[in-house]
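Working notes, beginning with the structure itself.
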Amino acid sequence: MGADAARTIRRHHLDPRQFDALASGGGDADTVSQLLAGERSWRMLQLRALLDAVRAEPHATGPLPPFDRAWELLVEAERRDPAAVNDLLLHPQAGTWAGYTLRRLRGSASGSAPLWVDLGYLHALAAVAALRVGLEFRMTVPVRDGFVVLPTLGAARAPEARRWDCAEVRRGSGSGSVDVPQGVVPVGGDGWVALPAVRVEAAGNALTVNLDSLDPYRNLRTPAPPQPFPAEEVGRWRDLLSQAWRLLVDTSPQLAQSLARGLFSIVPQPPAEPFRTMSASAGDAFGSMIVSELRDATELAVTMVHEFQHIKLGALLHLTPLHRGEPAQRLYAPWRDDPRPLSGLLQGVYAFTGITEFWCAVRQRMSGGVGDLAQFEFARWRRQVSLVLARLAELPELSDAGRRWLAGLTTTADRWRGEEVPAAPLAAATACVADHRIRWRLHHLRPDPSLVAALATAWRQGTARPRLPYPEPVVVADPAARGLDARAVLRMWRMTDPAGFGALRAAPSTIEEQVAGATAADLALVDGEYDRARTEYLAELAADPDRPSSWAGLGLVLAAESPGPAADALRERPELVRALHRAVRDSGDPPPDPVAFAAWVGGG
Amino acid sequence: MSQPNPDIDSDLVDLTEVTLADLPTYDDQLLSPTMRRLLQRIDDPESITSGYNPQRID
């Protein structure tokens, strides 16, 4: 392409007001449209990368027509109706497909299906495009796991097909159909499973999403067999979504409008534990969120906010990076069990800024236990987001755009400071913030071995704890760290379902089944029975002196009932207490009393 | 009066007006900076997810 043409090449840019709106945690529907324009270019880039990669493997499409043939049909459909094909290209699962298939072609991902089955998604997209714009055509597409999936439309059942097989999609003068081993399945007729679409409305604002359990590329990383969604479950989701949408429209109208512009697909998953919703979104799948089946509309609303923050940031990152490189050590993310890379922490703080804003807005509308929960969640995440923003500000790896983005979030977080929170939920939030931090330190920080050795020697000699400098401990991720939020979950349970919490207290041996990672000691602590909690935590430590949750729980009990050096040590340097206790045991000495030991560590 | 914030400029070529017909032969050199970035993300497994809270499932 010549110089003249080069001068006319356009690149994406974001209006500063739109960037700053995104940076503050928001962004209106027009801003989402700008992000979508970037996503369209990113999708075209993915497709070009696929075309180039497949050209190097001309036999990769196996029994299917050549990739170029599918491409030609897509081109023909675009000529007939560019807008229809544009919408199809922006189908979120098409992005996940493109990313995954590129990984297969580049050797960084493997799959159970033959490569041609994955490549054949393009053939399926082309068939859908042709159907949507009314072309007469024939196209061979893959069958996988008993279904011929036509993205955004649905699937034809093919129970007699082999696991990986081919089928012909065609359209003559009538409507489309799919030829499968058992016969012809008319699109929309017998043997056809339509992709459920749900439309909800509130105060003139409409949201339409697909409930996608069919598209093989609906999950994060690897393809999944289609699983038709029962009609009664569609109804349940519609009801819940309707209530959640009403809540969002009433409390955050601009957010609702931007969601309506940018959320296209919900991928339902099996239910998770109460207060432990599983949700996810993929960087290549703008507009899709994966979410476990939820119990109430508020939980769905906050999850929609959560994932839409990730969706927006994913699109922004396609336009401009917010950081260059990664710090040497992974970072503390208060909403996770594991240490995170900077890229992950940026995603998390953005999501939880949105979540905090949500709770700030909705708490005034709620009362009773759910009101307490809303206040608690606002206070908890307000504190955690602020801590993370302060940490991010220290990092040299942020780009100029990243610093500007961080400044926007910080302005939003500063606004929350003046918000009043009632005493009880505020105290619960404060305890949970401390709890998570302490447990994280216990799992993932390793104090300097020479310091540990020197202090162990002093302890064994019966001397006072020497004053020694405390080098920054090293982050060593503990893969066994799970359920750091267990006590927070119990607190939320107690706030919103006192009878249910009472049942847990009455049968503490069953607590692990209800709240993974929780123990009877945690129940006692959350219920304010500090003496009992102390006894239980000491018993846990007698059985397993290394148990991080027990050390953290003991520290919380001491902080509540007998503040002093022991509580201070377990709050500020719990990893040192635990490592030192282990060192003393490893030397052959009997295990020291945890409280006296922590007091000695804290007394230096 | 402080200077207004500048636009956020991206290296992502604006392909919104490019048709599928033209895409296969679009100039490599013009696409290459962002293509490099895309392929780096493809090769980085951490980039697959935007958000995921695995501690909330077993």
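Every heavy atom of this structure was used, including side-chain atoms; hydrogens, water molecules and symmetry mates were not. Residue numbers start from 1 in every chain, and the chains themselves are labelled A, B, ... in the order their sequence lines are given, proteins ahead of strands.
In this view, A:His436 and A:Tyr332 satisfy the ring-ring contact (aromatic ring centres under 6.0 Å, His included) rule, not counting sequence neighbours.
Heavy atoms of A:Val489 lying under 4.5 Å from chain B are absent altogether. Contact of A:Ser41 with chain B is made through backbone and side chain together, with heavy-atom distances under 4.5 Å. Contacts of A:Ala351 with chain B are absent, with no heavy-atom separation under 4.5 Å from either backbone or side chain. Only the side chain of A:Arg40 comes within contact range of chain B, with at least one heavy atom under 4.5 Å from a heavy atom of that chain. If you measure heavy-atom distances from A:Pro82 to chain B, you find no contacts under 4.5 Å at all. When heavy atoms are compared at a cutoff of 4.5 Å, A:Leu74 approaches chain B by way of both its backbone and its side chain. For chain B, no part of A:Asn86 is nearby; none of its heavy atoms comes within less than 4.5 Å. A:Leu346 does not touch chain B: none of its heavy atoms, backbone or side chain, sits under 4.5 Å away. Proximity to chain B (any heavy atom under 4.5 Å) is shown, for A:Gln18, by neither the backbone nor the side chain. Contacts between A:Arg55 and chain B at a heavy-atom distance below 4.5 Å involve the side chain alone, from C-beta outward. Looking at A:Arg48, both its backbone and its side chain come within 4.5 Å of chain B, counting heavy atoms on both sides. Contact annotation for A:Arg79: only side-chain heavy atoms (C-beta onward) come within less than 4.5 Å of a heavy atom of chain B.
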**Q.** Criterion salt bridge (Lys or Arg N to Asp or Glu O under 4.0 Å) on A:Asp284 and B:Arg41, from CA distance to verdict
**A.** CA-CA 10 Å; A:Asp284 287 331; B:Arg41 288 173 63 94; 5.2 Å; no
Q.
For A:Ser279 and A:Glu307: C-alpha separation, side-chain torsions, deciding distance, then whether side-chain hydrogen bond (donor to acceptor under 3.5 Å, both in side chains) applies.
A. CA-CA 7 Å; A:Ser279 66; A:Glu307 291 307 324; 2.6 Å; yes
Q) Between B:Arg37 and B:Asp11, does a salt bridge (Lys or Arg N to Asp or Glu O under 4.0 Å) hold up when you go through it step by step? A) CA-CA 10 Å; B:Arg37 189 155 64 86; B:Asp11 67 354; 2.7 Å; yes
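You'll find the side chain of B:Leu23 reaches within 4.5 Å of the side chain of A:Trp71, heavy atoms only.
Each of B:Leu31, B:Val18, B:Thr34, B:Val13 has some count of heavy-atom pairs under 4.5 Å with chain A, and the biggest count is that of B:Val13. Heavy-atom pairs under 4.5 Å with chain B were tallied for A:Arg17, A:Gln46, A:His318; the largest tally goes to A:His318.
Ion pairing of B:Asp9 with A:Arg11 is absent here, as no side-chain N (NZ or NE/NH1/NH2) approaches a carboxylate O to less than 4.0 Å.
Closest non-hydrogen pair, A:Ala486 versus A:Ala516, comes out as CB-O, 4.1 Å.
Residue B:Ile42 holds its CD1 atom at 10.0 Å from CE of B:Met35, rounded to the nearest 0.5 Å.
For B:Asp7 (side chain) and A:His13 (main-chain N/O), no donor-acceptor pair under 3.5 Å exists by modelled atom type.
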